[in-house]
Amino acid sequence: NELEERVAERTKALTSVISELKAFSYSVSHDLRGPLRAILGFARILEEDFEEKLGSEGLEVLTRISSAGKRMDQLINGLLQLSTLMRSEFERSNFDISASATTIMEELAASEPRRHANWRIQEGLSCSADPGMMRSALQNLLSNAWKFSANSSEPLVELGAELLDGETVYYVRDNGIGFDAKDSEKIFDAFCRLNPESEFPGTGIGLATVLRVIHRHGGTVWAKGKLGEGATFFFTLGNQAPGAN
């Protein structure tokens with residue numbers, strides 16, 4: 001009876017937290033975005049109708065206001081993505097990691113046709129995972145590797161897997177700018193940025209999304225890197241052999 005009471009209490013607490021999360025999402029999407037759209041809209045009116053009166057200095061200030069507003073909109077979108085991820089239904093099915101990763105890399109290469117693209121995707125990798133969530137995790141990991149290896153003389157992005165103590169460990173590796181080993185823990189924190197946005201644009205939500213996706217699958221994720229020598233992100237999805245369904 002005592003155990004049942006504890007389960008009932010925790011279920012009630014969890015239901016309350018989910019309800020608060022839904023209310024938070026609604027507040028972010030409506031109460032915050034409405035005024036933000038108004039700010040950006042009036043800024044655009046000022047730029048279009050009062051350009052001569054504002055002068056060069058006034059226009060520069062207005063440009064900064066618009067830029068900050070757009071940045072805030074991106075952060076709100078990031079919060080909504082994390083919130084939606086935590087509330088979305090979870091259903092495992094067979095997921096072809098190799099095929100999905102190849103498609104993602106082809107899309108990244110097509111988005112920058114002038115950039116020298118080089119990647120290696122291990123063939124035959126599949127797993128049991130939620131397809132939407134898993135593709136989101138791969139998208140963020142591969143996009144990260146693509147972005148931070150842009151300035152390498154011979155940029156390379158790799159995805160593969162290896163068996164370690166009976167467990168499959170997947171990895172995404174690049175030879176980009178890397179990061180200081182002391183930052184390996186906080187790199188998955190939401191809105192954490194190790195590099196200036198002027199050099200590498202982004203919201204700081206991508207790796208936080210990866211962390212939540214992997215945790216929902218009952219796996220773990222970690223990173224290793226060294227400044228100037230690239231980075232490798234590892235993750236597990238339970239006790240599966242490479243290519244297992």
Side-chain angles (χ1 to χ4, degrees), residues 74-75 78 81-82 97-98 100-109 111-112 114-123 125 127 129 133-238 240 242:
Q74 291 176 345
L75 294 176
Q81 288 172 13
L82 285 179
I97 293 179
S98 299
S100 181
T102 299
T103 299
I104 291 170
M105 291 307 303
E106 289 174 347
E107 291 171 351
L108 289 170
S111 69
E112 297 183 61
R114 295 185 178 181
R115 175 176 163 179
H116 173 66
N118 192 14
W119 68 83
R120 297 174 187 164
I121 306 297
Q122 184 175 328
E123 296 182 359
L125 296 180
C127 66
M133 291 187 186
M134 200 64 234
R135 192 183 194 285
S136 175
L138 288 178
Q139 178 76 50
N140 282 297
L141 287 171
L142 292 169
S143 295
N144 230 40
W146 174 266
K147 175 170 63 176
F148 290 111
S149 62
N151 297 329
S152 300
S153 57
E154 290 291 333
L156 175 63
V157 175
E158 298 179 82
L159 181 145
E162 55 189 16
L163 205 58
L164 184 62
D165 296 329
E167 184 175 32
T168 301
V169 178
Y170 301 93
Y171 61 85
V172 173
R173 178 178 296 128
D174 67 75
N175 61 348
I177 63 171
F179 60 88
D180 195 315
K182 65 181 178 61
D183 295 322
S184 59
E185 294 292 334
K186 68 178 184 179
I187 200 171
F188 293 99
D189 293 345
F191 305 115
C192 175
R193 293 188 55 85
L194 303 182
N195 308 98
E197 187 182 356
S198 57
E199 295 181 16
F200 298 97
T203 61
I205 288 293
L207 291 179
T209 299
V210 171
L211 177 71
R212 283 154 179 78
V213 167
I214 299 305
H215 281 181
R216 288 205 67 178
H217 284 79
T220 56
V221 58
W222 67 98
K224 293 182 180 180
K226 192 172 182 179
L227 287 173
E229 297 184 16
T232 305
F233 289 83
F234 304 90
F235 65 92
T236 64
L237 296 169
Q240 303 181 64

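None of the values given here were measured: they were computed from a predicted structure. Just so it is clear, the values below take in all heavy atoms, side chains as well, and ignore hydrogens, waters and symmetry mates.
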Closest approach of [X] and [Y], non-hydrogen atoms and distance?
| X | Y | answer |
| --- | --- | --- |
| A137 | V213 | CB-CG1, 3.8 Å |
| C127 | I97 | SG-CD1, 3.7 Å |
| L108 | S143 | CD2-OG, 3.8 Å |
| S152 | G176 | OG-CA, 3.6 Å |

F233 and side-chain contact (heavy atoms from CB on, under 4.5 Å): which partner among L142, L207, N140? L207
Test R212 against I214 for side-chain contact (heavy atoms from CB on, under 4.5 Å), laying out the working first. CA-CA 6 Å; R212 283 154 179 78; I214 299 305; over 6 Å; no
Heavy-atom check, side chain of [X] versus side chain of [Y], under 4.5 Å:
| X | Y | value |
| --- | --- | --- |
| T102 | M105 | no |
| P155 | N118 | no |
| E162 | Y170 | no |
| M134 | S100 | no |
| I177 | F179 | no |
| W146 | L141 | no |

Taken in chain and number order and not counting sequence neighbours, the residues that satisfy salt bridge (charged side-chain N to carboxylate O under 4.0 Å, His left out) with R173 are none
Report the C-alpha distance between W119 and E106 in whole Å, list the side-chain angles of each, state the deciding distance to 0.1 Å, and finish with yes or no for side-chain contact (heavy atoms from CB on, under 4.5 Å). CA-CA 10 Å; W119 68 83; E106 289 174 347; 4.0 Å; yes
If you apply the rule side-chain contact (heavy atoms from CB on, under 4.5 Å), what do you find for E158 with Q122, and how did you get there? CA-CA 8 Å; E158 298 179 82; Q122 184 175 328; over 6 Å; no
When rounded to the nearest 0.5 angstrom, what distance separates CZ in R115 from OG in S149? 4.5 Å
Under 3.5 Å, side chain of N175 to main-chain N/O of L156, donor-acceptor pair present? yes
Mind running side-chain contact (heavy atoms from CB on, under 4.5 Å) on T220 and F234 for me, showing each step along the way? CA-CA 8 Å; T220 56; F234 304 90; over 6 Å; no
